[in-house]
Amino acid sequence: MRTEKGVRLLFQKSPAIDRPTAVWTDIAQVVLPYTYFSDVEVTSAVSLYDTVRRGTPLAVSEDPSGPVLSSVTGAVSSERVVAHPLYGELRCAVIDCLPAEPDPELPAPQADPFTAEEICEAAEWAHIIDELDGVPLANKLRDWQQHGCHYLVADAVQVQPYESSAWAILRDYAEQVTEGLSLAALAAGAKRHHIAVCLSGQRRRSLALRVGKDGLYQTDSYYPTAELVRVSHKGGKHTVSPKETVGRIGPQACWALYRALYYHEPHDRCVLTVAGDAVRDPQNVMVPFGTTVQEVLSRCGLKQDPSYLILGEMMTGTTAPTQDIPILPGMTCVLAFTETAIRSVQPRNCIGCGRCAQVCHQGLLPFEIARRFGNMHYERLGQLEAASCDSCGACSYVCPCGIDLTSIVAEARSTDSTILLEMEDDPDA
Ligand code: SF4
Ligand code: SF4
């Protein structure tokens with residue numbers, strides 16, 4: 001299986017977007033790390049053959065967001081170190097699941113006036129991690145409280161060519177996502193909020209009926225050029241002034257916040273899109289964290305062994321060398337492609353449209369870096385500051401010629417640093 005970034009794909013959300021979400025609670029085994037964060041010290045709280053219940057911490061730590069909660073009830077059968085493409089090296093407990101108990105009958109939620117602190121505490125207790133950036137929601141809320149957030153946007157603009165998991169959670173739980181967003185806005189101190197989408201007419205209309213027109217904002221394009229709010233001095237619906245700050249939260253995090261506050265549920269599952277031309281039955285699925293990619297793909301069926309496996313989401317996700325990887329917070333799709341699907345989009349020569357430079361949030365000139373690198377003008381790369389590229393993938397995504405700029409800039413970056421190292425090592429330099 002090949003590993004690279006910046007793979008360009010056709011825009012193809014069907015058929016997964018049209019199908020109901022499959023809810024899989026009968027998972028045989030999960031692989032869960034003791035913590036997601038490499039900079040947090042945790043001590044394992046479970047031993048081999050221990051039985052753990054859903055919602056109990058697998059570790060202890062001084063950092064409240066450090067330990068991971070078990071997403072299932074089951075027995076610890078072994079321990080494993082996983083090289084996770086999004087999180088790095090993780091020490092994990094392997095848990096053989098006991099048959100899942102049926103979800104209890106949930107009481108109708110009471111309209112409780114929660115305080116900002118209660119909301120932050122619930123986000124912390126439930127270990128909610130925002131799928132947009134992998135940051136604990138409690139940390140984001142407290143940060144907004146401290147530094148200000150005028151407008152909070154639930155970002156459901158589905159940026160990826162194949163992904164529809166944000167739509168799936170809105171279709172199934174629009175009211176709960178909306179209420180979760182209101183609670184997050186209250187905790188963040190944001191006076192206004194809405195859900196940003198980029199949906200076809202029928203889907204948008206059905207959603208607007210449920211969340212209200214004021215609660216929904218249709219962007220005019222997909223990321224990275226999409227504006228999640230209108231910026232204007234004049235004011236009006238869905239508008240911020242240039243001086244106001246906008247916070248961004250994932251719709252799954254909003255849903256998890258609602259469930260934590262009203263039903264006391266931990267954040268232990270997610271919706272992800274399983275798609276790609278190697279997948280027999282593309283669909284959105286809800287699975288407990290720790291379910292392996294292998295199990296997800298085998299349940300959806302594979303037409304043939306994939307040549308590319310893309311995890312996470314398309315802009316910041318990455319290709320994975322193996323299927324033996326657990327689904328963890330922040331992963332909203334698993335895409336499996338054959339060589340044919342990737343080869344069918346052939347790159348062409350740069351036409352100088354400048355879009356890659358427009359979208360680069362580091363202010364780089366990706367096309368120029370690629371040109372100098374291609375022409376082997378290494379000595380002139382330094383001025384272009386390729387080293388500040390963080391491989392976000394935006395330039396590759398927008399390039400109309402299908403040029404994999406992200407990979408080229410990454411190569412140029414390493415070339416650049418090699419040259420600098422050689423110069424530093426040279427006593428005569
Ligand atoms: S991948 Fe690098 S060069 Fe391309 S847009 Fe992102 S930061 Fe800029
Ligand atoms: S987006 Fe692609 S075609 Fe346009 S300038 Fe950049 S590299 Fe060239």
Side-chain angles (χ1 to χ4, degrees), residues 2-11 85-88 130-135 155 157-163 198 219-228 246 248 250 308-320 330-333 335 337 342-420:
R2 293 173 58 182
T3 305
E4 55 187 77
K5 277 201 126 182
V7 177
R8 184 173 167 79
L9 296 165
L10 297 172
F11 199 84
L86 300 185
Y87 285 88
D130 194 328
E131 76 270 21
L132 292 184
D133 48 22
V135 175
D155 183 355
V157 182
Q158 308 195 276
V159 299
Q160 300 80 13
Y162 281 76
E163 195 189 337
C198 189
T219 63
D220 53 10
S221 64
Y222 285 96
Y223 181 86
T225 50
E227 301 286 359
L228 299 175
V246 179
R248 213 169 136 253
Y308 292 85
L309 192 57
I310 299 175
L311 306 179
E313 50 105 317
M314 193 64 62
M315 295 301 299
T316 54
T318 181
T319 49
M331 292 172 66
T332 47
C333 71
L335 304 178
F337 295 103
I342 302 298
R343 268 210 243 108
S344 63
V345 188
Q346 289 294 336
R348 291 175 282 132
N349 288 337
C350 173
I351 53 171
C353 69
R355 287 187 204 174
C356 54
Q358 270 171 14
V359 299
C360 179
H361 67 111
Q362 298 288 53
L364 304 180
L365 300 174
F367 68 91
E368 187 59 16
I369 295 171
R371 193 179 70 80
R372 291 188 191 182
F373 183 68
N375 292 337
M376 293 192 284
H377 292 158
Y378 304 132
E379 75 288 355
R380 295 170 63 200
L381 275 171
Q383 311 152 332
L384 296 179
E385 296 180 354
S388 53
C389 167
D390 59 8
S391 293
C392 73
C395 49
S396 294
Y397 186 76
V398 295
C399 176
C401 297
I403 300 170
D404 184 6
L405 291 151
T406 309
S407 298
I408 300 171
V409 175
E411 267 188 79
R413 195 173 54 201
S414 51
T415 307
D416 186 29
S417 56
T418 309
I419 291 167
L420 288 175

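Here the structure is a predicted model, which means the values were calculated and not measured. When a ligand or atom number is given, it counts from 1 through the structure's own listing order. The figures here come from the full heavy-atom set of this structure, side chains too, leaving out hydrogens, waters and symmetry mates.
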Between S396 (side chain only) and T406 (backbone N and O only), is there a donor and an acceptor less than 3.5 Å apart? yes

[X] side, atom [atom1]; [Y] side, atom [atom2] - distance, nearest 0.5 Å:
{"X": "H361", "Y": "D390", "atom1": "NE2", "atom2": "CG", "result": "3.5 Å"}
{"X": "L384", "Y": "F367", "atom1": "CG", "atom2": "CZ", "result": "9.0 Å"}
{"X": "Q383", "Y": "R372", "atom1": "CD", "atom2": "CZ", "result": "5.0 Å"}
{"X": "I369", "Y": "I408", "atom1": "CD1", "atom2": "CD1", "result": "10.5 Å"}
{"X": "L364", "Y": "R413", "atom1": "CG", "atom2": "CZ", "result": "10.0 Å"}
{"X": "M331", "Y": "I310", "atom1": "CE", "atom2": "CD1", "result": "12.0 Å"}

Suppose I only count heavy atoms of [X] and a 4.0 Å limit; which atoms of ligand 1 are within that range?
{"X": "S391", "answer": "1 (S)"}
{"X": "C360", "answer": "3 (S), 5 (S), 7 (S), 8 (Fe)"}
{"X": "P366", "answer": "3 (S)"}
{"X": "G393", "answer": "1 (S), 6 (Fe)"}
{"X": "Q362", "answer": "7 (S)"}
{"X": "D390", "answer": "7 (S)"}

Just to confirm my output: which protein heavy-atom neighbour is closest to [atom], and how far is it?
{"atom": "atom 7 (S) of ligand 2", "answer": "L405 CD1, 3.7 Å"}
{"atom": "atom 5 (S) of ligand 2", "answer": "G354 N, 3.2 Å"}
{"atom": "atom 3 (S) of ligand 2", "answer": "I351 N, 3.4 Å"}
{"atom": "atom 2 (Fe) of ligand 2", "answer": "C399 SG, 2.4 Å"}
{"atom": "atom 6 (Fe) of ligand 2", "answer": "C356 SG, 2.4 Å"}

L405 and side chain to side chain contact (heavy atoms under 4.5 Å, CB included): which partner among C350, C356, C360? C356

Given D155, which of V246, D130, L132 fulfils the side chain to side chain contact (heavy atoms under 4.5 Å, CB included) condition? L132

Check whether any N, O or S atom of C395, backbone or side chain, sits closer than 2.8 Å to atom 2 (Fe) of ligand 2. no

Is it the side chain (CB and beyond), the backbone, both or neither of C392 that lies under 4.0 Å from ligand 1, heavy atoms counted? both

At a threshold of 2.8 Å, where the distance has to be below it, does atom 4 (Fe) of ligand 2 have an N, O or S atom of C353 nearby? yes

Interfacing atoms of ligand 2 (cut-off 4.0 Å, heavy-atom, C350): 3 (S), 5 (S), 7 (S), 8 (Fe)

Within 4.0 Å of some non-hydrogen atom of F367, the atoms of ligand 2 are 5 (S), 6 (Fe), 7 (S)

Minimal non-hydrogen separation, Q362 against S388, with atom names: NE2-O, 2.7 Å

